[in-house]
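Below is one structure; the comments refer to it alone.
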Amino acid sequence: MDKKPRQKNHTASNEITCGVCMDLMPLVHDGIASADSQSAVKQHIRSCTACSALYGQKTTSAANTEQAFQKFRQQLRLFSILLMMLGICIGLALTAGIGMFYNSLIMPVIGVLGYAVFRRKAFLYIPVLLLLLHGIVNLIRLLFDADPLDAYSLLAFTVIYIALALAGTLIASLLYFAFRKENRYGKKE
């Protein structure tokens, strides 16, 4: 019988092999490995340069992952702001037209996006933003002779849109509060 030579694992003065060390490294990095596993991995990487290098790469990878996540969150926030502004402009352009009633759907979504971006400050920022943008859209209509709203209609529609947007903001804040409480206190002890 022809026996193949076994592949040697690095076990000099360590109780674990390189394979076991590599299997345990993610658990040690995440902080969920037992104390014995942590000490075995740390003892092994002191004497094994290959595993030590691999262990150091995991730390760098975790830092890169955190940076990538922060960048993604910033991009998502910017996208939400742009989507909110686009929705407001479309909704305000629909005012006093055939599609005006779509604003009963658009404005609450604006409130939800506003809460996602600004949290509690959305209750202040959304009404101010709607008031300013509605005035700007009406001014643009006036400049281009596109049948601008009179002052009473402008104020009435703005108040209605603010109420709809604040309803969406309130719903989003209540859902956020409910799910946050459930995650915090819903765990069985």
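Start at 1 with the first residue, then count along the sequence.
- Counting heavy atoms from C-beta on, the side chains of Val112 and Thr169 never come closer than 4.5 Å.
- Between the side chain of Ser173 and the main chain of Leu170, a donor-acceptor pair closer than 3.5 Å is present.
- Side-chain atoms of Ser52 and Thr49 include no donor-acceptor pair closer than 3.5 Å.
- For the residue pair Met25 and Cys51, the shortest heavy atom distance occurs at CE-O, 3.3 Å.
- Heavy-atom minimum distance, Val117 versus Arg77: O-NH1, 3.0 Å.
- The shortest non-hydrogen separation linking Met84 to Ile110 is O-CD1, 3.4 Å.
- Legend: residues meeting side-chain hydrogen bond (donor to acceptor under 3.5 Å, both in side chains) with Asp36, ordered by chain and number and at least two apart, are absent.
- The NZ atom of Lys71 sits 9.0 Å away from atom CD of Gln74, with the distance rounded to the nearest 0.5 Å.
- Side-chain contact between Val109 and Leu105 is absent, with no heavy atoms from C-beta onward closer than 4.5 Å.
- Environment of CG in Leu143: crowded, with over 12 heavy atoms of neighbouring residues, nucleotides or ligands closer than 6.0 Å.
- Closest approach of Ala33 to Gln38, counting heavy atoms only: O-NE2, 3.3 Å.
- Taking CG from Leu164 and CD1 from Ile126, the interatomic distance works out to 12.5 Å, rounded to the nearest 0.5 Å.
- Rounding to the nearest 0.5 Å gives a distance of 11.5 Å between CE of Met85 and CG of Leu83.
- Atom SG of Cys48 sits about 9.5 Å away from atom CG of Leu54, to the nearest 0.5 Å.
- Within 6.0 Å of atom CZ in Arg119, more than 12 heavy atoms from other residues, nucleotides or ligands are found, so the atom counts as buried in its surroundings.
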Task: side chain to side chain contact (heavy atoms under 4.5 Å, CB included) between Val20 and His44, intermediate numbers included - done: CA-CA 10 Å; Val20 172; His44 180 85; over 6 Å; no

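- In this structure, the separation between CG on Leu166 and OH on Tyr115 is 13.0 Å, given to the nearest 0.5 Å.
- Under the 4.5 Å side-chain heavy-atom criterion for grouping Ile, Leu, Val, Met, Phe, Trp and Tyr, Ile32 is connected to Val28 within one hydrophobic cluster.
- Rounding to the nearest 0.5 Å gives a distance of 9.0 Å between OG of Ser34 and CG of Leu27.
- In this structure, Val137 is a member of the same hydrophobic cluster as Ile160, with clusters built from ILVMFWY side-chain heavy atoms closer than 4.5 Å.
- Side-chain heavy-atom separations under 4.5 angstrom define the hydrophobic clusters, and the remaining members of the one that includes Leu78 are Leu82.
- Evaluation of the side-chain contact (heavy atoms from CB on, under 4.5 Å) rule for Leu94 yields Ile90, Tyr102, Asn103, Ile106 as partners, not counting sequence neighbours.
- Taking every heavy atom of both residues into account, Ala122 and Pro127 meet most closely at O-CD, 3.8 Å.
- Between Arg141 and Thr95, the closest heavy-atom pair is NH2-O, 3.1 Å.
- Among pairs with a residue in residues 118-139, those fulfilling ring-ring contact (aromatic ring centres under 6.0 Å, His included) read Phe118-Tyr125, His134-Tyr161, at least two apart in sequence or across chains.
- Every residue was checked against the side-chain contact (heavy atoms from CB on, under 4.5 Å) condition with Ser39, not counting sequence neighbours, and none meets it.
- Side-chain contact between Leu129 and Ile88 is present, with at least one heavy-atom pair separated by less than 4.5 Å.
- Summarising the hydrophobic clusters (Ile, Leu, Val, Met, Phe, Trp, Tyr; side-chain heavy atoms under 4.5 Å, direct or chained), the residues clustered with Val159 are Leu155.
- Taking hydrophobic clusters as Ile, Leu, Val, Met, Phe, Trp and Tyr residues chained together by side-chain heavy-atom distances below 4.5 Å, Leu132 shares a cluster with Met107.
- When the side chains of ILVMFWY residues are joined at heavy-atom separations under 4.5 Å, either directly or via intervening members, Val128 and Leu130 end up in a single hydrophobic cluster.
- Transitive grouping of hydrophobic side chains (ILVMFWY, heavy atoms separated by less than 4.5 Å) keeps Phe79 and Phe72 in distinct clusters.
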